[in-house]
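Notes follow once the structure below has been shown.
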Amino acid sequence: MAKALLVAQKVIENKEKQIAEMKPMADGYKLTMDSEGTYSMAETAKLLKLPYGNVTLFKKLRDLNLLDKNNIPLQEYVNRGYFIVITKPIVKGNATENTLVTRVTAKGVDYTAKKLGILIEAA
């Protein structure tokens with residue numbers, strides 16, 4: 001009986017340690033998944049506390065085959081809800097030209113972090 005109690009206590013200690021180790025990841029997940037709206041690549045880089053900005057993040061996502069050469073996400077990742085593409089008007093002289101802009105969803109921030117091997121922690 002005493003041995004069973006020691007074993008149970010050890011199992012509980014191990015589970016408590018696992019919970020403590022996973023808490024920052026769960027908090028970070030909740031932080032991004034509770035967010036509404038979308039993020040620019042610059043905002044995503046800041047949110048993930050990357051040591052680089054949007055230009056390098058775009059390159060890394062292209063290298064991971066998430067974005068095409070024009071920084072537009074592959075349809076598969078749009079369908080999964082990681083990115084959206086919006087049309088943004090750009091004024092050039094007297095003309096207005098529409099350009100496609102990639103935005104990252106909260107779910108996409110989490111996915112991007114995983115693909116880059118980053119642990120998201122709550123602030």
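If you read the sequence from its start, that first residue is 1, and numbering goes on from there.
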Review point. Under 3.5 Å, side chain of Thr105 to main-chain N/O of Gly81, donor-acceptor pair present?
Key: yes
Review point. Closest approach of Lys69 and Arg62, non-hydrogen atoms and distance?
Key: CA-CD, 4.0 Å
Practice item. Decide yes or no on side chain to side chain contact (heavy atoms under 4.5 Å, CB included) for Met41 and Leu61, but give the supporting numbers first. Key: CA-CA 10 Å; Met41 283 298 168; Leu61 294 179; 3.6 Å; yes
Practice item. Check Thr102 against Pro73 and note the closest heavy-atom contact, atom names and distance. Key: OG1-CD, 3.2 Å
Check your understanding: If you round to the nearest 0.5 Å, how far is CG of Leu64 from NZ of Lys59?
Key -> 10.0 Å
**Study point:** Salt bridge Arg80-Glu76, side-chain N to carboxylate O under 4.0 Å
**Key:** yes
Check your understanding: Which of parallel (below 30°), tilted (30 to 60°) and perpendicular (above 60°) describes Tyr82 and Tyr77?
Key -> parallel
Check your understanding: Hey, does Asp110 have a side-chain heavy atom less than 4.5 Å from the side chain of Lys107?
Key -> no
Point to revise | Heavy-atom pair with the smallest gap, counting every atom of Ile72 and Val85 | key: CG2-CG2, 4.0 Å
Review point. Can you tell me if Thr96 uses its side chain to pair, donor with acceptor, with the backbone of Pro89 under 3.5 Å?
Key: no
Check your understanding: Which is it for Thr112 and Leu57 under the side chain to side chain contact (heavy atoms under 4.5 Å, CB included) test, yes or no, and what are the steps along the way?
Key -> CA-CA 10 Å; Thr112 299; Leu57 181 55; 4.2 Å; yes
Exercise for review: Drop me the distance from Thr38's OG1 to Ile84's CD1, to the nearest 0.5 angstrom.
Suggested key: 4.5 Å
Practice item. Can you measure from CZ (Phe83) to CZ (Arg103) and round to the nearest 0.5 angstrom? Key: 12.5 Å
Check your understanding: Any donor-acceptor pair under 3.5 Å linking the side chain of Lys115 with the backbone of Lys60?
Key -> no
Point to revise | Rounded distance [0.5 Å steps], CG in Leu50 versus CG in Leu116 | key: 6.5 Å
**Study point:** Distance in Å, Ile86 CD1 paired with Thr99 OG1, rounded so as to fall on 0.5 Å steps
**Key:** 10.0 Å
Point to revise | Approximate separation, where rounding is to 0.5 Å, of Asp63 CG and Phe58 CZ | key: 13.5 Å
**Study point:** Criterion side chain to side chain contact (heavy atoms under 4.5 Å, CB included) on Leu6 and Gln9, from CA distance to verdict
**Key:** CA-CA 5 Å; Leu6 289 173; Gln9 186 175 3; 4.2 Å; yes
Point to revise | side chain to side chain contact (heavy atoms under 4.5 Å, CB included) assessment of Leu100 paired with Asn70 | key: CA-CA 9 Å; Leu100 298 178; Asn70 297 313; over 6 Å; no
Point to revise | Common cluster, Ile90/Val101, ILVMFWY with side-chain heavy-atom separation under 4.5 Å | key: no
